[in-house]
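Reading through the structure tokens given below for one structure.
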Amino acid sequence: MALVPYEEAAGVGLQKFHKPFATFSFANHTIRVRQDWRQLGVAAVVWDAAVVLSTYLEMGAVELRGCSAVELGAGTGLVSIVAALLGAHVTVTDRKVALEFLKSNIQANLPPHVQTNTVVKELTWGQNLESFSPGEFDLILGADIIYLEETFTDLLQTLEYLCNDHSVILLACRIRYERDNNFLAMMERQFTGSNSGPCACEAGTVPLS
């Protein structure tokens, strides 16, 4: 279990989500991501879990240089941008409707030589997984993607398909409801915290007030 202390982002209630841009400092870079709550809703704003997971990566929780990483439900792309700046080869995924918005943030925040190691690709969990190679990634990332119970089975199927014997899954989430705990229990049953099973799983819960 990975617990990362942090100060809650500035802004009162949902006001911060309606700002056109959110600015952060990670990996010795200023990252300015565009937000678009009006058009894309929850998929186009920076949630606290993304900030926490980015902080965790910057702390050196995992070796990122040369690592093959994928972010699921990338949204604004903040986590992927940080991972790429820290040296990972990142595949940034979300549903088709969010891809152009996602690409704009990736292109605006990554230097050209880093963009060559970054791919934006469509992925709806549980569908068309054959467009990826089984066990393709060393690291699987997800920030606040555990909230719709009807997606849990597809998400677990996708995680299992993408990881290999030595992969690490890092998920940051705010535990809001009992169903969130149910998903973590499902992960615990399907994956293991050691390298003896199909995948090493580190599910990070984000303590929010």
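Positions are given from 1 along the sequence.
A donor-acceptor pair under 3.5 Å is formed between the side chain of Ser104 and the backbone N or O of Phe101. At distances below 3.5 Å, not a single donor-acceptor pair connects side-chain atoms of Glu58 with backbone N or O atoms of Phe26. Judged by distance alone, with hydrogens and angles left aside, the side-chain atoms of Asn109 form no donor-acceptor pair with the main-chain N or O of Ile106 at under 3.5 Å. Side chain of Asn164 to backbone of Phe137: a donor-acceptor contact under 3.5 angstrom is found. Checked by atom type and distance alone, the side chain of Glu122 never pairs as donor or acceptor with a backbone atom of Thr93 at under 3.5 Å. The closest donor-acceptor contact from the side chain of Glu63 to the backbone of Arg65 lies under 3.5 Å. Side chain of Asn105 to backbone of Gly77: no donor-acceptor contact under 3.5 angstrom is found. Under the 3.5 Å distance criterion, the side-chain polar atoms of Asn128 are left unmatched by any main-chain donor or acceptor of Ser131. Within the 3.5 Å criterion, the main-chain N or O of Ser80 finds a donor-acceptor partner in the side chain of Glu71. No side-chain donor-acceptor contact under 3.5 Å links Tyr161 to the backbone of Gly135.
Annotation: the span from Tyr147 atom OH to Arg174 atom CZ amounts to 15.0 Å, rounded to 0.5 Å. Separation of atoms OG1 (Thr55) and CE (Met59) is listed at 8.0 Å; rounding is to 0.5 Å. Note that CG of Leu159 is 6.5 Å distant from CD1 of Ile145, once rounded to the nearest 0.5 Å. With rounding to the nearest 0.5 Å, the separation of CD1 in Ile81 from OG1 in Thr118 is 9.0 Å. Between the CG atom of Leu123 and the CH2 atom of Trp125 there is a distance of 8.5 Å, given to the nearest 0.5 Å. Within the model, atoms CD of Glu149 and CG of Asp180 stand 9.0 Å from one another, a figure rounded to the nearest 0.5 Å.
Two residues are said to be in side-chain contact when any heavy atoms from C-beta on lie closer than 4.5 Å; Pro20 and Asp36 fail this criterion. Side-chain atoms of Val62 and Leu64, non-hydrogen and from C-beta on, do get closer than 4.5 Å to each other. A heavy-atom distance below 4.5 Å is not found between the side chains of Gln107 and Leu102. Residues Cys173 and Phe183 fail the side-chain proximity criterion, which asks for heavy atoms closer than 4.5 Å. The side-chain heavy atoms of Asp138 and Ser68, taken from C-beta on, include a pair separated by under 4.5 Å. Here the side chains of Leu171 and Leu53 are not in contact, with every heavy-atom distance at 4.5 Å or above. Using a 4.5 Å cut-off on side-chain heavy atoms (C-beta onward), Gln157 and Leu129 make contact.
Heavy atoms only, all atoms of each residue included: Ser54 and Ala50 are closest at OG-O, 2.8 Å. Considering every non-hydrogen atom in both Asp94 and Gly73, the closest pair reads OD2-C, 3.5 Å. The two residues Leu139 and Leu170 make their nearest non-hydrogen contact at CD1-CD1, 4.0 Å. The shortest heavy-atom contact between Ala27 and Leu85 is CB-CB, 3.8 Å. Closest approach of Val46 and Ala22 over heavy atoms only: CG2-CB, 4.2 Å.
Residues Trp37 and Leu40 do not share a hydrophobic cluster, clusters being chains of Ile/Leu/Val/Met/Phe/Trp/Tyr side chains in contact below 4.5 Å. Note: the hydrophobic cluster containing Met186 also contains Leu162 (ILVMFWY, side chain heavy atoms under 4.5 Å, direct or indirect links). Under the 4.5 Å side-chain heavy-atom criterion for ILVMFWY residues, a single connected hydrophobic cluster contains both Val45 and Leu148. Ile31 and Phe21 fall into different hydrophobic clusters, where Ile, Leu, Val, Met, Phe, Trp and Tyr residues are linked whenever their side-chain heavy atoms come under 4.5 Å apart, directly or through other members. Linking Ile, Leu, Val, Met, Phe, Trp and Tyr residues whenever their side-chain heavy atoms come within less than 4.5 Å places Ile175 and Leu156 in a single cluster.
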| task | Determine, step by step, whether Trp47 and Val42 satisfy the side chain to side chain contact (heavy atoms under 4.5 Å, CB included) criterion, reporting the C-alpha distance in whole Å, the side-chain angles of both residues, the deciding distance to 0.1 Å, and the verdict. | result | CA-CA 9 Å; Trp47 296 93; Val42 297; 3.7 Å; yes
| said: One pair to check against side chain to side chain contact (heavy atoms under 4.5 Å, CB included): Met187 and Ile169. What are the steps and the verdict? | reply: CA-CA 10 Å; Met187 281 200 71; Ile169 299 171; 4.2 Å; yes
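Side chains of Glu160 and Gln190: a donor-acceptor N/O pair is present below 3.5 angstrom, by distance only.
Screening Val92, Leu72, Leu57, Val90 for a side-chain contact (heavy atoms from CB on, under 4.5 Å) with Val79, the sole residue that qualifies is Leu57.
The local environment of CZ in Phe152 is crowded, with over 12 non-hydrogen atoms from other residues, nucleotides or ligands closer than 6.0 Å.
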